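These notes concern the structure reproduced below.
For reference, positions follow the sequence shown, starting with 1. If you're wondering where the values come from, they're calculated on a predicted model, not measured in any experiment.
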Amino acid sequence: TKLYGPVKDRSDCASLQKDLNALSQWSKIWLLRFNAEKCVVLRVHSAITFFYSLNGTYLKEVSDQKDLGVLISNDLKPNKHVNYIISKANQRIGIFKRCFSGFTKNKISILYKSLIRPILEYASTAWSPWFVRDISRLQKVQDRCLSLCVESVKLESLAERRNRCDLIDTYKYINNMYRTDPSNLFVKPLKQLRGHSHKLQKQHVRTDVAKFFFKNRVVDSWNNLEEKTVSASNTSTFKERLKNFKRDRDPCP
């Protein structure tokens with residue numbers, strides 16, 4: 001259960017505490033009491049000190065917390081989550097070495113795609129890194145796993161796959177396949193620009209966290225697509241046309 005809200009002054013803190021009290025009362029009525037010892041407070045860019053409580057117990061403050069499998073830090077930077085998934089993926093690669101031998105191209109591809117890559121890509125839209133060192137370290141995990149095979153195994157880079165995931169999610173938002181109103185994320189230009197008919201406008205921001213947040217970082221890639229790609233009638237068609245568009249844009253070997 002998550003309870004959250006914007007905090008600009010102490011009255012907002014008091015309002016959030018009031019909501020906590022109401023949540024506590026609800027849990028008592030339905031006999032589903034929260035364990036306050038396992039509940040925490042995560043402040044995101046907040047300088048206001050306030051001690052929140054639940055069921056009479058003050059909640060401890062943390063600098064990061066896992067939410068639906070993603071490690072969220074109080075500065076909203078992806079570093080800690082990147083460290084977490086790299087460690088988890090490397091542990092599995094170690095298991096591969098102990099449990100398997102004779103890695104053929106087919107065997108390593110199946111192991112990597114089914115057990116390693118999902119760890120490195122899960123919910124990437126929410127945490128996609130922008131620091132070169134994080135991007136490089138993630139790619140090295142893929143390279144390390146594929147190097148277990150004596151044959152040369154070539155796969156699309158993780159950075160390219162994260163960008164592809166961003167574009168697919170953008171298509172779904174714009175076509176109202178998610179509950180979130182696309183106008184809450186994206187801004188359309190005031191006038192029609194050259195290119196396709198679904199162009200987006202990049203918003204002016206002051207911090208790197210906002211600059212590389214999903215709704216801003218995807219704009220350039222999305223605006224560079226073709227009309228027939230963004231106008232696909234369904235997600236499957238969009239994915240196929242996106243794959244063909246990339247293939248056409250890639251230089252010949």
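Applying the side-chain hydrogen bond (donor to acceptor under 3.5 Å, both in side chains) definition to pairs two or more places apart or across chains, those involving residues 169-187 are Thr125-Asp169, Asp169-Tyr178, Asp181-Ser183. Among residues at least two apart or in separate chains, salt bridge (charged side-chain N to carboxylate O under 4.0 Å, His left out) pairs with a member in residues 105-126 are Glu121-Arg161. Applying the salt bridge (charged side-chain N to carboxylate O under 4.0 Å, His left out) test to pairs two or more places apart or on separate chains, those with a residue in residues 74-100 are Asp64-Lys80.
The shortest distance between side-chain heavy atoms of Arg164 and Lys243 falls below 4.5 Å. With contacts defined as side-chain heavy-atom distances shorter than 4.5 Å, the pair Phe131/Phe212 does not qualify. Inter-residue side-chain proximity for Leu23 and Phe34 is flagged as met; some heavy-atom pair is nearer than 4.5 Å. Within the 4.5 Å cutoff, the side chain of Ser73 has no heavy atoms near those of the Asn79 side chain. Side-chain contact between Lys202 and Asp220 is present, with heavy atoms from C-beta onward closer than 4.5 Å. Side chains of Leu120 and Val141 form a contact here, defined as non-hydrogen atoms less than 4.5 Å apart. The side-chain heavy atoms of Leu76 and Ile72, taken from C-beta on, include a pair separated by under 4.5 Å. Val187 is not listed as a side-chain neighbour of Leu200, based on a closest heavy-atom distance of 4.5 Å or more.
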Requested in this report: Output, in order, the C-alpha distance, side-chain angles, deciding distance and verdict of side chain to side chain donor-acceptor pair (under 3.5 Å) for Asn21 and Gln25.
Outcome: CA-CA 6 Å; Asn21 296 339; Gln25 185 61 31; over 6 Å; no

Requested in this report: For Glu240 and Ser236, run side-chain contact (heavy atoms from CB on, under 4.5 Å): C-alpha distance rounded to whole Å, both residues' side-chain angles, the deciding distance at 0.1 Å, then the answer.
Outcome: CA-CA 6 Å; Glu240 186 61 31; Ser236 297; over 6 Å; no

**Report entry** Full working for side chain to side chain donor-acceptor pair (under 3.5 Å) between Ser221 and Asn163
**Finding:** CA-CA 8 Å; Ser221 297; Asn163 180 247; 3.0 Å; yes

Requested in this report: Please assess Glu151 against Thr104 for the test side chain to side chain donor-acceptor pair (under 3.5 Å), listing each intermediate value before the final yes or no.
Outcome: CA-CA 7 Å; Glu151 303 174 73; Thr104 62; 5.4 Å; no

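Side-chain atoms of Thr229 do not come within 3.5 Å of backbone N or O of Leu225 as any donor-acceptor pair. Between the side chain of Ser53 and the backbone N or O of Gly56 there is no donor-acceptor pair closer than 3.5 Å. Under a 3.5 Å cut-off, the side chain of Trp127 and the backbone N or O of Tyr122 do form a donor-acceptor pair. Checked by atom type and distance alone, the side chain of His81 pairs as donor or acceptor with a backbone atom of Leu71 at under 3.5 Å. Listed for the Ser136 side chain is no donor-acceptor partner under 3.5 Å among the backbone atoms of Arg133. Between the side chain of Gln142 and the backbone N or O of Ser157, no donor-acceptor pair lies under 3.5 Å.
Here the closest non-hydrogen pair linking Ala89 and Ile116 is O-CD1, 3.6 Å. Taking both residues in full, the closest heavy atoms of Asn90 and Arg144 are given as OD1-NH1, 2.8 Å, listed atom of the first, atom of the second, then distance. Between Ile86 and Leu138 the shortest heavy-atom distance is CG1-CD2, 3.8 Å. The two residues Lys215 and Leu185 have their closest heavy-atom pair at CD-O, 3.0 Å. Residues Val153 and Leu146 share a closest heavy-atom pair of O-CD1, 3.7 Å.
The closest side-chain donor-acceptor pair between Glu227 and Ser197 falls under 3.5 angstrom. Remark: the Asn55 side chain and the Ser24 side chain contain an N/O donor-acceptor pair separated by less than 3.5 Å. No side-chain donor from either of Ser15 and Asp12 sits under 3.5 Å from a side-chain acceptor of the other.
Figure legend: cation-pi geometry between Arg241 and Phe238 absent, as NZ or CZ is not positioned both under 6.0 Å from the six-membered ring centre and within 45° of its axis.
Here the straight-line distance linking atom CD of Gln91 with atom CD1 of Ile93 works out to 10.5 Å at 0.5 Å rounding. Put simply, NE2 on His198 and CD1 on Ile174 are 7.5 Å apart, with the number rounded to the nearest 0.5 Å.
Shown here are the salt bridge (Lys or Arg N to Asp or Glu O under 4.0 Å) partners of Arg43, two or more places apart in sequence or in another chain: Glu61. In this structure Asp67 satisfies the salt bridge (Lys or Arg N to Asp or Glu O under 4.0 Å) test together with Lys2, sequence neighbours excluded. For Asp134, the salt bridge (Lys or Arg N to Asp or Glu O under 4.0 Å) partners are Arg137, not counting sequence neighbours.
Ring-plane geometry between Phe96 and Phe100 is classed as perpendicular, the angle between the planes exceeding 60 degrees on a 0 to 90 degree scale with a lower cut at 30.
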